[in-house]
Amino acid sequence: MQINTFEEYQKAYDKSVKEPEAFWSDIAEKFSWQKKWDNVLEWNFKEPDVKWFINGKLNITENCIDRHLPEKAGTVAFYFEENEIGKPSREITYQQLHDEVCKLANVLKSFGVQKGDRVCIYLPMVPEAVFSLLACARIGAVHSVVFGGFSAQSLQDRINDSSCKVVLTSDGAFRGNKTIPMKPTVDEALKQCSSIEKVLVLNRTGEKVNMQQGRDFEWKEQVSKQSPQCTATTMDSEDPLFILYTSGSTGKPKGVVHSTGGYMVFTCYSFLNVFQYKPEQVYWCTADVGWVTGHSYITYGPLLAGATSVIFEGIPSYPDAGRFWNVVDKYKVNIFYTAPTAIRALEAAGLDYVKPYDLSSLKVLGSVGEPINEEAWQWYYKNIGKEKCPVVDTWWQTETGGILISPLASITKTKPGFATLPLPGVQPVLVDEKGNIIEGNGVEGNLCIQFPWPSILRTTYGDHERCRATYFATYPGLYFTGDGCRRDEDGYYRITGRVDDVINVSGHRIGTAEVESAINQCEDVVESAVVGFPHDIKGQGIYAYCIVPNSLKSHDEIKKEILNCVNKVIGPIARPDKIQIVSGLPKTRSGKIMRRILRKVAEGEINNLGDISTLLDPQVVEEIVKGKI
Ligand code: 7RM
């Protein structure tokens, strides 16, 4: 399954385009299937309808765990590094992983969870979070992880959208020197969630929490009663594996649905090839399981490959900015995968935090989540990799399930700021505004993919039309990513950022419409417009223009209210970095907000606002510019 040279990459790529079915079935053969597929692929991007490994039967956890047991029962699957520094690490072998997953799966069964039921997971970054995903998959329940930083309101929306039956949660989370309550947030959310029957509560922080009799159960008590054997439920290749909510340019977050067989094949294949993982190496991805990176490259990809990984509960800045390098040194990490926002923050902290640690175990450095600027790339390459480790800038999305464009470590020649070349099986195209495919090199356009890869999203939960309209309708016959992209003279791809109304804050996708709707729930605000602006550490920050008429309150008071409101409706990750109170917004005669102008003002480019002649009231712009200065 692993490519070893650039020539092999080119050969594999060629074959994947000319004979995609033969290419992917050769790879799929390497997994353990209860029954092989009848046909490899049926697809159209019109409805869309994509099916891989048709009628194949399998269980992904047998491939993640059971398949490795004859050789790896005693091999460490996960080292757990707690938030608090200096704690001994908890080691979880493949055998222990098997037992923990089976016990938890049996708890779910005892709660009445059946194949196809949805289970919400709202947990901190502890091993139990990974066990939870796998326990669901073991019995064919569909997991829906909600990042622990989301508010009660967001949690409630997500639980209701997919009518989850059970929540797996914790009393709270340790995060740096803070203890963050989680169970109270779940209690608040569940005030209006009629589908939830049972809640399993992990004791992590030890805070006292309310336990509702008949609904809430203590994690350890339940798990300890169960057998460490649980027959894996037989799943069809196309049965859903999970739902993960993600923001887009309009409306509420969508539940992206991934299916089982294709997702398994692609996450394993991409993990092995991008990172060039070799037996006995130690891999560490710093993401949270609440994001897709935590699904594909903490949980499924590494386990499918039989890897040994680190799970980290904490944050890069606690107890100080040397924590990542301390952990790399402690576990002799060989492959390290993080986000540009973390790299920039640690760069800003200075080299004194890097120097004390031995980083010589590192072989591969990865980046994900947002464009990596050249300066951060160079800093990472020089000071962390000591100019010996390739930096793999991996481009992908929640919807793509796995990495689509990236160097293969030590195989593809890298170039700072470039995700470089598509993985085998991935056929990117650039299109102009009208949808014409732009051929040749040295060109720029909107990034689309013209052929299905095994882990492409199958639908958006409960609303297939939304999936079609969002991803397959802008450019008929193509999957549209929402990203702008340049293909340089060498045919290398550079992702330039979103071309829609999505902001990428510290690698987290946030829809401007979502933030506006949260702000508009604030009593004193009548209307708002939100745009992104360049931010040194976060990549992009959130800039909110708010109309607040006739209020007796001070601007500072109102700004505080707005922040609280966003906190409550979405969560702290969506809090605006800057709020400007205005008396009007620049609108066209047809009433559309001219975001282009607001973006320019937020960026500070006030002398180059472009054409404002179509504005209903050009004076508004003058006032906004003045307010900014
Ligand atoms: C994995 C993940 C997806 C969006 C995507 C891009 C941006 C992600 C890169 C990147 C430039 C990269 N999933 N993005 N990786 N931009 N270079 N290597 O992040 O669904 O949360 O976000 O993130 O805009 O469309 S995501």
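One is the number of the first residue; the rest follow in order along the sequence. Since the model is a prediction, treat every value here as computed from it, not as a measurement. When a ligand or atom number is given, it counts from 1 through the structure's own listing order.
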Notebook entry, point to check: Should the ring pair His295 and Phe242 be called parallel, tilted or perpendicular, given that the plane angle runs from 0 to 90° and is split at 30 and 60?
Noted result: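 The arrangement is tilted - the two ring planes meet at 30° to 60°.
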Check: Using 30° and 60° as the class limits, which term best fits the ring planes of Phe324 and Trp284: parallel, tilted or perpendicular?
Finding: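 Perpendicular, since the angle between the ring planes exceeds 60°.
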Next item on the list: For salt bridge (Lys or Arg N to Asp or Glu O under 4.0 Å), just list the numbers for Glu370 and Arg509, CA-CA rounded to whole Å, side-chain angles, deciding distance to a tenth of an Å, and then say yes or no.
Entry: CA-CA 9 Å; Glu370 43 172 326; Arg509 260 167 80 168; over 6 Å; no
Margin query: I'd like the residue list for ligand 1, meaning every protein residue with a non-hydrogen atom under 4.0 Å from the ligand.
Written below: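 Lining ligand 1 at under 4.0 Å, by heavy atoms, one finds Val292, Thr293, Val368, Gly369, Glu370, Pro371, Asp393, Thr394, Trp395, Trp396, Gln397, Thr398, Asp483, Ile495, Arg498, Asn504, Arg509.
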Margin query: If you take the centroid of each ring, where Trp contributes its six-membered ring, are Phe266 and Trp396 closer together than 6.0 Å?
Written below: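 No: the rings miss the under 6.0 Å criterion.
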Margin query: Would you say the rings of Phe418 and Trp395 are close, in the sense that their centroids are separated by under 6.0 Å?
Written below: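 Aromatic pair excluded; centres sit 6.0 Å or further apart.
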Checklist line | Carboxylate-amine/guanidinium contact Arg458 Glu47, below 4.0 Å | finding: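 Judged by the 4.0 Å cut-off on N to carboxylate O distance, Arg458 and Glu47 do not form a salt bridge.
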